[in-house]
Amino acid sequence: MLVHTHTQVPLVCFTTCSGPVCWNSPIFFCLIHFCFCLFWFRPSDHQTMSILIGNMKTFMKPSLTVVTRSLITTSNNKAWLGFSKDQEKTSSHSMLLSKDQSVYEIVTDTVIPSQWDSYLQHKKKLVECAASNQQLKGKLMASWTIVTGDTAFKAVHLYKYEQGWTDIDTTRAAIKQDSDYQALYTAGLPVIREQFTELSKAFSFWPSPDQREGGNVYDIRSYSLRPGSMYDWSMNWSRGIQYRSAVRQDVPYAGLFTQLGQLHTIYHIWCYKSMADRKACREATWHYPEWNDVVANTVPLVKTMKTRILEPLDFSPTQ
């Protein structure tokens with residue numbers, strides 16, 4: 001509402017899509033009547049409100065367009081995540097956002113290019129050695145190599161510790177007692193230029209990583225969030241994952257957030273049949289109008305982001 005002063009008489013105007021509406025016009029009194037009814041009628045009087053809005057459109061057309069839009073309330077947000085933003089102040093993200101006690105380890109090996117084949121042979125033996133020791137609790141879920149978006153001759157391995165930190169402690173102790181594993185691990189170090197390890201938890205609203213078949217490609221999207229934005233990110237993505245899954249159920253593979261390593265980091269892992277399939281699935285998501293809101297609400301939360309395309313190694317449980 002705009003207030004203009006002309007000589008000594010105040011002129012009150014409502015601005016509509018067709019311009020200002022003066023106080024002595026029929027449209028002005030209709031607007032006042034409409035505002036009064038908004039406060040007078042109870043929210044349950046849907047039929048009365050529908051009639052009122054219909055009369056407004058008929059009477060004022062084309063001067064004024066009445067637009068109604070549903071809003072997402074705080075209670076709805078809680079329904080999506082299962083907890084309110086206030087609980088974030090008194091509980092850890094690992095308790096509020098994760099689906100179970102499992103912990104996921106992401107190991108990234110940067111390999112000397114000339115030693116790539118030797119690395120693959122040695123890594124396969126190391127995986128088999130670890131599987132033979134029941135005290136080594138890390139279950140290999142996937143092993144990938146970089147196709148594009150990152151340094152070449154790099155491998156990424158995803159392990160799952162089903163009992164969480166207890167399994168990690170058990171594994172650390174067991175490795176120290178397993179001389180065969182230690183010797184094999186040490187023998188493979190000369191072919192590795194750099195090794196980086198992170199521990200993370202899985203989002204409750206994402207599916208758990210499983211074994212896939214076929215020659216798939218995997219899109220690992222990494223987001224570095226602003227501290228304090230984890231709840232807002234999760235609230236939006238708990239809805240966003242529904243729209244991606246609606247395109248095809250097998251597209252989401254894993255959603256992780258770091259516990260040890262680079263904190264406030266999110267990993268979204270998507271599985272596609274091909275690069276062309278990736279393009280088609282991503283474009284199809286935009287057919288859902290709500291997807292626009294998810295993107296608009298989460299982009300301001302991100303400091304940096306990165307996407308990498310990977311393909312499974314021969315010995316990877318998931319293909």
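- Partner Y161 forms a side-chain hydrogen bond (donor to acceptor under 3.5 Å, both in side chains) with one of E105, K137, K139 and no other, that one being E105.
- With salt bridges taken as basic N to acidic carboxylate O contacts below 4.0 Å, none links D109 and K154.
- Taking 4.5 Å as the limit, every side-chain heavy atom of S118 sits out of range of all side-chain heavy atoms of H122.
- Distance alone, capped at 3.5 Å, places no donor-acceptor pair between the D178 side chain and the A174 backbone.
- Within the 4.5 Å cutoff, the side chain of K306 has heavy atoms near those of the R308 side chain.
- Using a 30° and 60° split on the angle between ring planes, W270 and W206 fall in the tilted class, from 30° to 60°.
- Note that the CG atom of L136 and the SG atom of C129 stand 7.5 Å from one another [nearest 0.5 Å].
- For the pair R212 (side chain) and P317 (backbone), a donor-acceptor distance under 3.5 Å is absent.
- A donor-acceptor pair under 3.5 Å links the side-chain atoms of Q182 to the main chain of K176, judged by distance alone.
- Atom CG of D180 sits about 8.0 Å away from atom OG of S132, to the nearest 0.5 Å.
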Please lay out, stage by stage, how D277 and C281 fare under the test side-chain contact (heavy atoms from CB on, under 4.5 Å).
-> CA-CA 6 Å; D277 179 58; C281 290; 3.6 Å; yes

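- Checking Q101 against Q163 by side-chain atom types alone, a donor-acceptor pair falls below 3.5 Å.
- Taking the ring pair (Phe, Tyr, Trp, His ring centres under 6.0 Å) definition, one finds that Y181 meets it with nothing, sequence neighbours left out.
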Just do the side-chain contact (heavy atoms from CB on, under 4.5 Å) check on T265 and Y223 with the steps written out, would you?
-> CA-CA 6 Å; T265 300; Y223 304 89; over 6 Å; no

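- Ring to ring, Y253 and Y218 are close: their centroids are under 6.0 angstrom apart.
- Looking at S229, its side chain never comes within 3.5 Å of a backbone N or O of L225 through a donor-acceptor pair.
- A tilted orientation is assigned to the rings of Y119 and H157, their planes being inclined by 30° to 60°.
- V107 is listed as a side-chain neighbour of T197, based on a closest heavy-atom distance under 4.5 Å.
- At least one donor-acceptor pair closer than 3.5 Å links the side chain of N216 to the backbone N or O of Q319.
- The shortest distance between side-chain heavy atoms of I112 and F153 does not fall below 4.5 Å.
- When each of W233, F257, Y267 is checked for a ring-ring contact (aromatic ring centres under 6.0 Å, His included) with F203, only F257 meets the rule.
- Judged by distance alone, the side chain of T258 and the main-chain N or O of Q262 form a donor-acceptor pair under 3.5 Å.
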